[in-house]
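Since the model is a prediction, treat every value here as computed from it, not as a measurement. FYI, the numbering just counts along the sequence from 1.
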Amino acid sequence: MNYKFEESIQKIKNLMKENGGYVTSKMVKEQKIHLMYLKKMLDEKMIERISRGIYIDVNAIEDVYYTLQLRYPKVVFSRFTALYFYGLTEIYPSTFDLTVPANYHVEELNRKHSVVKCRDDLFSIGLINIYTSLGHKVNVYDMERCICDIIKYRHKLDLEQVKKSVKMYVASDDKNLSHLSSYSKQMGIYKDVMEFVGMYYE
């Protein structure tokens with residue numbers, strides 16, 4: 001291997017180290033590294049391609065949440081998928097509940113996941129970043145926004161699981177009823193949310 005090759009490969013390895021084993025074509029271009037080095041690393045089985053323009057170290061474990069976030073940066077994990085992060089659902093997210101901006105193209109996402117489009121003025125309510133169990137940062141709604149959403153869409157969801165999640169939320173020491181009240185008012189569902197949550201207070 002020549003010096004230029006070794007230097008470029010090392011730069012890509014450093015990028016992967018900084019990103020939990022991941023590297024994207026965009027990251028490589030931003031560092032002014034030619035994409036042919038990604039191809040060479042693929043050929044030598046140093047990395048594998050897991051999606052268009054997204055690669056992972058062969059020794060790393062794929063984080064499916066982060067892979068999807070890299071492919072669709074504006075997507076937010078929501079409803080039961082987000083509640084799974086908080087331990088407020090029994091539903092394991094084999095497919096994901098996602099929320100996207102109203103003008104977002106969702107045809108490809110809809111083939112595998114449950115996608116809800118949201119008005120721009122409501123999209124950022126309760127939007128935060130958390131780290132997955134594998135240490136990658138993803139977009140997710142907080143507990144209060146998720147509770148509002150599952151109550152709002154309760155007739156399209158598993159109602160028994162909605163009830164269980166709301167009951168678990170009420171019992172949680174981490175709940176923020178002030179945020180719940182504020183979000184539900186902004187979303188125009190205050191009465192529904194307060195009545196539903198109120199059923200689980202003794």
Side-chain angles (χ1 to χ4, degrees), residues 1-89 91-118 120 123-124 126-143 145-146:
M1 283 192 262
N2 59 40
Y3 173 74
K4 177 68 173 175
F5 180 85
E6 290 179 347
E7 181 185 38
S8 298
I9 296 301
Q10 188 57 52
K11 285 181 179 178
I12 294 174
K13 285 182 176 179
N14 291 341
L15 283 173
M16 288 192 293
K17 188 175 181 180
E18 293 168 6
N19 289 280
Y22 278 79
V23 68
T24 66
S25 299
K26 182 181 178 183
M27 292 174 190
V28 171
K29 287 178 182 177
E30 286 173 349
Q31 294 297 313
K32 302 192 183 329
I33 303 170
H34 199 286
L35 293 179
M36 70 176 182
Y37 294 105
L38 279 176
K39 176 67 166 59
K40 289 185 178 181
M41 291 178 77
L42 271 174
D43 291 343
E44 296 195 12
K45 300 190 178 349
M46 300 167 72
I47 58 174
E48 61 178 298
R49 180 179 179 274
I50 54 175
S51 188
R52 183 177 179 181
I54 303 174
Y55 305 85
I56 192 169
D57 188 314
V58 292
N59 297 311
I61 300 172
E62 183 182 359
D63 184 335
V64 291
Y65 301 103
Y66 188 58
T67 298
L68 187 136
Q69 190 76 85
L70 285 173
R71 288 190 67 189
Y72 307 100
K74 292 185 179 180
V75 158
V76 180
F77 293 100
S78 58
R79 291 168 288 150
F80 289 125
T81 300
L83 288 171
Y84 179 78
F85 292 142
Y86 305 125
L88 296 180
T89 181
I91 298 176
Y92 177 77
S94 54
T95 60
F96 302 143
D97 288 335
L98 307 170
T99 299
V100 298
N103 61 352
Y104 205 76
H105 182 68
V106 297
E107 184 178 344
E108 185 177 359
L109 278 170
N110 265 331
R111 293 194 198 107
K112 295 182 179 179
H113 306 292
S114 175
V115 185
V116 169
K117 288 188 173 185
C118 181
D120 291 347
F123 185 72
S124 63
L127 177 58
I128 61 173
N129 298 125
I130 66 169
Y131 288 92
T132 69
S133 60
L134 292 174
H136 299 105
K137 189 162 67 172
V138 295
N139 300 328
V140 64
Y141 283 129
D142 66 13
M143 288 193 292
R145 171 61 188 264
C146 293

### Query
Would the number of heavy atoms belonging to other residues, nucleotides or ligands and lying under 6.0 Å from NZ of Lys17 be above 12?
no
### Distance in Å, Met27 CE paired with Asn19 CG, rounded so as to fall on 0.5 Å steps
4.0 Å
### Query
Is Val28 close to Tyr37 at the side-chain level, that is, under 4.5 Å between some pair of heavy atoms?
no
### Message
Quick check: closest heavy atoms across Leu68 and His113, and the distance to 0.1 Å?
### Response
CD1-NE2, 3.5 Å
#### Entry: Closest non-hydrogen atom pair, Ile9 against Met41
CD1-CG, 3.2 Å
### Value rounded to 0.5 Å, distance of CD1 in Ile91 from CZ in Arg79
10.5 Å
### Message
Determine whether Tyr66 and Leu134 satisfy the following criterion, side-chain contact (heavy atoms from CB on, under 4.5 Å), listing intermediate values before the conclusion.
### Response
CA-CA 9 Å; Tyr66 188 58; Leu134 292 174; over 6 Å; no
### Query
Does a side-chain heavy-atom distance below 4.5 Å link Ser114 with Phe80?
no
### Query
With a 4.5 Å limit on heavy-atom distance, are the side chains of Val138 and Ile130 in contact?
yes
### Query
Hey, mind stepping through Val23 and Leu38 against side-chain contact (heavy atoms from CB on, under 4.5 Å) and telling me if it holds?
CA-CA 9 Å; Val23 68; Leu38 279 176; 4.0 Å; yes
### Task
Measure the shortest side-chain to side-chain distance between Phe123 and Tyr141 over non-hydrogen atoms and say whether it is less than 4.5 angstrom.
yes
### Message
Classify the ring geometry of Tyr72 against Tyr104: parallel below 30°, tilted from 30° to 60°, perpendicular beyond 60°.
### Response
perpendicular
### Summary
Rounded to the nearest 0.5 angstrom, the NZ-CD1 distance for Lys13 and Ile47 is 11.0 Å
### Message
Let me confirm one number: the CZ-CG distance from Arg52 to Leu70, rounded to the nearest 0.5 Å.
### Response
14.5 Å
### Query
Where is the tightest heavy-atom contact between Met16 and Asp57, given as atom of each residue plus distance?
SD-N, 3.8 Å
### Message
Would you call the rings of Tyr22 and His136 parallel, tilted or perpendicular, taking 30° and 60° as the class edges?
### Response
perpendicular
### Query
So, do Phe77 and Tyr84 have ring centers that fall under 6.0 Å from each other?
no
### Query
Is there a donor-acceptor contact under 3.5 Å from the side chain of His34 to the main chain of Met36?
yes
### Summary
side chain to side chain donor-acceptor pair (under 3.5 Å) test vs Ser78 passes for just one of Thr99, Asp97, Asn139, namely Thr99
### Query
CZ of Arg71 to OG1 of Thr24: how many Å apart, nearest 0.5 Å?
13.5 Å
### NZ on Lys11 to CD on Glu6, rounded to 0.5 Å
13.5 Å
### Query
Has the side chain of Ser124 got a donor or acceptor atom that lies under 3.5 Å from a matching backbone atom of Leu127?
no
#### Entry: Check: Arg49 side chain, Ile54 main-chain N or O, donor-acceptor pair, under 3.5 Å
no
### Task
Evaluate side-chain hydrogen bond (donor to acceptor under 3.5 Å, both in side chains) for Asn14 paired with Gln10, printing each intermediate quantity in order.
CA-CA 6 Å; Asn14 291 341; Gln10 188 57 52; 3.1 Å; yes
### Task
Look at the side chain of Tyr55 and the backbone N and O of Leu42, then say whether any donor-acceptor pair between them is shorter than 3.5 Å.
no
### Query
Only one of Thr81, Leu83, Thr89 forms a side-chain contact (heavy atoms from CB on, under 4.5 Å) with Cys146, so which one is it?
Leu83
### Task
Can you see which heavy atom on Leu109 is nearest to which on Val100, and at what distance?
CD1-CG1, 4.4 Å
